[in-house]
Amino acid sequence: MVLTHVQSDEAAASAAVFASRYVQEPVPSYELGEKSISKDAAYQIIHDELLLDGSPRLNLASFVTTWMEPECDRLILEGMNKNYADMDEYPVTTELQNRCVNIIARLFNAPVGAGETAVGVGTVGSSEAIMLAGLAFKRRWQNRRKAEGKPYDRPNIVTGANVQVCWEKFARYFEVELKEVKLSEGCYVMDPDKAVEMVDENTICVAAILGSTLTGEFEDVKRLNDLLAAKNKRTRWDTPIHVDAASGGFIAPFLYPELEWDFRLPLVKSINVSGHKYGLVYPGVGWVIWRNKEDLPDELIFHINYLGADQPTFTLNFSKGSSQIIAQYYQFLRLGFEGYKNVMENCMESARTLREGLLRTGRFDVISKEDGVPLVAFTFRGIRDGSLAFKLSANLRRFGWIVPAYTMPANLEHMTVLRVVVREDFGRPLAERFLSHVRMALSELDLAAKGPVPKMRLTIELGPARSAEEEASVRVVKREAVSGHRSVSLVSGKTKGVC
């Protein structure tokens with residue numbers, strides 16, 4: 001399968017420059033071997049091949065957790081052979097999942113009373129969580145339209161053009177029109193005013209992002225809620241809000257507790273968050289929480305009994321490992337509110353170090369804000385040549401760093417951005433080492449931009465010394481430019497050591 005992405009000619013040329021460095025040979029046709037090999041040989045073959053992968057800790061493109069404590073690693077290994085779907089066989093694992101749901105729901109200020117159980121489920125990541133939340137919105141909208149005797153075949157969803165690709169997948173897979181609010185210069189997130197203007201009677205929900213993938217910025221969910229509430233009152237519609245808090249859901253409660261973005265806002269009906277991002281768990285685990293039971297239609301919940309007891313299930317997949325659920329509960333138990341806050345504060349401090357260091361070079365403009373997800377998104381200052389960002393990204397790979405360069409969405413395609421995501425295992429020493437490598441890579445780009453150093457071939461004539469006290473005379477008899485990198489052989493004589 002060949003996946004294509006439409007982009008500007010300039011961006012396409014820039015990407016081609018980058019991709020040309022990583023051209024792969026044709027992949028051979030693999031078949032299952034006729035005979036077995038020893039376990040040691042199988043391990044060594046695969047182990048050696050994986051050495052060519054990049055280092056996860058130096059992967060600054062990813063929001064995904066790359067380090068956990070050894071004690072949690074042990075728990076993950078102990079839980080790998082438990083099927084999360086077998087709730088009757090593994091009731092304690094199911095209980096740990098339920099505890100996580102309730103912890104997250106209360107962290108997001110869900111209206112859950114003492115002794116009450118929150119409504120939510122663990123997923124393999126925020127992509128599945130968003131699919132489930134979107135399906136719930138679509139079904140609720142369809143049920144309401146049917147009851148009113150109105151058409152229910154043209155649902156749409158309103159988002160910003162900065163949404164992660166999983167929203168496009170949801171729209172395409174489940175036949176929902178995606179209405180995107182275009183970004184503008186200096187505004188790299190969804191404008192709430194423009195979003196509400198696009199809402200109509202067929203809108204199943206408006207999706208706000210708490211931590212844009214492009215710049216880490218939090219969208220103004222409070223203003224969106226107020227504007228949408230006013231429009232609902234005026235039109236008698238009931239358009240709700242979903243908050244995609246994949247990146248920011250485990251940041252805002254600890255660093256910005258006064259920020260209203262969650263279930264404190266009445267129109268927020270569901271929230272997804274990635275446990276494998278700032279929930280500090282290896283991939284893949286995500287969570288989706290609903291405000292109350294009424295926001296999750298009963299007909300979307302299936303009941304099975306062939307595993308030993310009646311089990312309700314609402315997921316897009318079925319069998320999966322229990323390790324990440326166990327690991328999430330370990331982090332909640334181990335860190336508590338204080339521990340999560342300390343980790344997030346440390347990440348923000350490292351992001352500030354990066355931000356200040358990049359600005360000191362005088363070569364970049366930082367387009368990400370200091371509040372939000374701990375990352376730094378930046379562009380070359382005063383340069384519209386997008387290929388330079390891709391070249392810098394490629395140069396940094398020589399030091400082991402993986403730093404993405406990408407073009408912005410529709411309306412801002414002329415902007416090429418580099419982004420560094422700060423995770424728990426990226427402290428100040430690594431940040432300072434990264435900055436030194438950026439400076440080295442910039443120097444190399446500057447030298448390359450000047451072109452090859454001009455070379456000259458000189459033909460000289462050596463004359464004898466007039467006396468023992470004088471040196472031999474040297475006279476240039478011919479001077480000519482040399483193109484390319486050709487070697488010049490000596491006419492006679494030999495050299496000793498390094499010439």
Looking at [X], I want to see if its [atom1] is surrounded by more than 12 non-hydrogen atoms of other residues, nucleotides or ligands under 6.0 Å.
X    : atom1 : value
E175 : CD    : no
M198 : CE    : yes
E49  : CD    : no
E299 : CD    : yes
K369 : NZ    : no

Looking only at heavy atoms, what is the nearest atom pair of [X] and [Y], with distance?
X    : Y    : result
F426 : W401 : CE1-CZ3, 3.8 Å
M68  : L280 : CE-O, 3.4 Å
G122 : Q97  : N-OE1, 3.1 Å
L418 : A389 : CD2-O, 3.5 Å
R423 : V64  : CD-O, 3.1 Å
I326 : G79  : CD1-CA, 4.1 Å

Is there a donor-acceptor pair under 3.5 Å between the side chain of [X] and the backbone N or O of [Y]?
X    : Y    : result
S274 : H276 : no
E217 : S212 : no
T65  : K277 : yes
D86  : E89  : no
R419 : T213 : yes
R381 : F364 : yes
E413 : N411 : yes
S127 : C166 : no
T215 : S368 : no
T315 : N317 : yes

For [Y], is there an ion pair with [X] - N to carboxylate O distance below 4.0 angstrom?
X    : Y    : value
E349 : R352 : yes
D262 : R264 : yes
R74  : E78  : no
E69  : R334 : yes
R428 : E432 : yes
D298 : K293 : no

request  = Verify side chain to side chain donor-acceptor pair (under 3.5 Å) between T379 and D365, making sure each step is shown before the conclusion.
outcome  = CA-CA 5 Å; T379 62; D365 288 321; 4.7 Å; no
Under a 4.5 Å cut-off applied to non-hydrogen side-chain atoms, are [X] and [Y] in contact?
X    : Y    : answer
V181 : V158 : yes
R363 : L442 : yes
V285 : T123 : no
Y278 : F63  : yes

inquiry  = Once rounded to the nearest 0.5 Å, what's the spacing between atom CG of L107 and atom SG of C100?
reply    =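 Taking CG in L107 and SG in C100, the distance rounds to 12.0 Å.
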message = Walk me through whether N59 and S62 qualify under side chain to side chain donor-acceptor pair (under 3.5 Å).
response = CA-CA 6 Å; N59 181 5; S62 178; 4.5 Å; no
ask   = When you look at F254 and Y340, which way does the ring-ring contact (aromatic ring centres under 6.0 Å, His included) test go after all the steps?
value = CA-CA 7 Å; F254 306 106; Y340 268 95; 5.3 Å; yes
inquiry  = I'd like to know whether the aromatic ring centres of F218 and W261 sit less than 6.0 Å apart in this structure.
reply    =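 So the answer is no for these two rings.
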request  = May I ask you to check whether F263 and W290 place their ring centres under 6.0 Å from each other?
outcome  =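 When the ring centroids of W290 and F263 are compared, they turn out to be at least 6.0 Å apart.
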request  = Any chance you could lay out the side chain to side chain donor-acceptor pair (under 3.5 Å) test for W287 and Q328, step after step, and finish with the verdict?
outcome  = CA-CA 11 Å; W287 304 92; Q328 184 73 84; 3.2 Å; yes
message = Evaluate D244 against V163 for side chain to side chain contact (heavy atoms under 4.5 Å, CB included), listing each step before the verdict.
response = CA-CA 9 Å; D244 178 358; V163 291; 6.0 Å; no
Candidates T239, N225, D226 - the one meeting side chain to side chain contact (heavy atoms under 4.5 Å, CB included) with L267 =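 Of all the options given, the one that passes is N225.
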ask   = Aromatic rings F250 and F108: how do their planes relate, parallel, tilted or perpendicular, breaks at 30° and 60°?
value =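 F250 vs F108 ring planes: tilted.
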message = N395 vs H437, test: side chain to side chain donor-acceptor pair (under 3.5 Å). Steps then yes/no.
response = CA-CA 9 Å; N395 276 14; H437 289 161; over 6 Å; no
inquiry  = Could you go through K182 and D191, starting from their C-alpha distance and side-chain angles, then the distance that decides it, and tell me whether this counts as salt bridge (charged side-chain N to carboxylate O under 4.0 Å, His left out)?
reply    = CA-CA 8 Å; K182 290 186 177 181; D191 183 330; over 6 Å; no
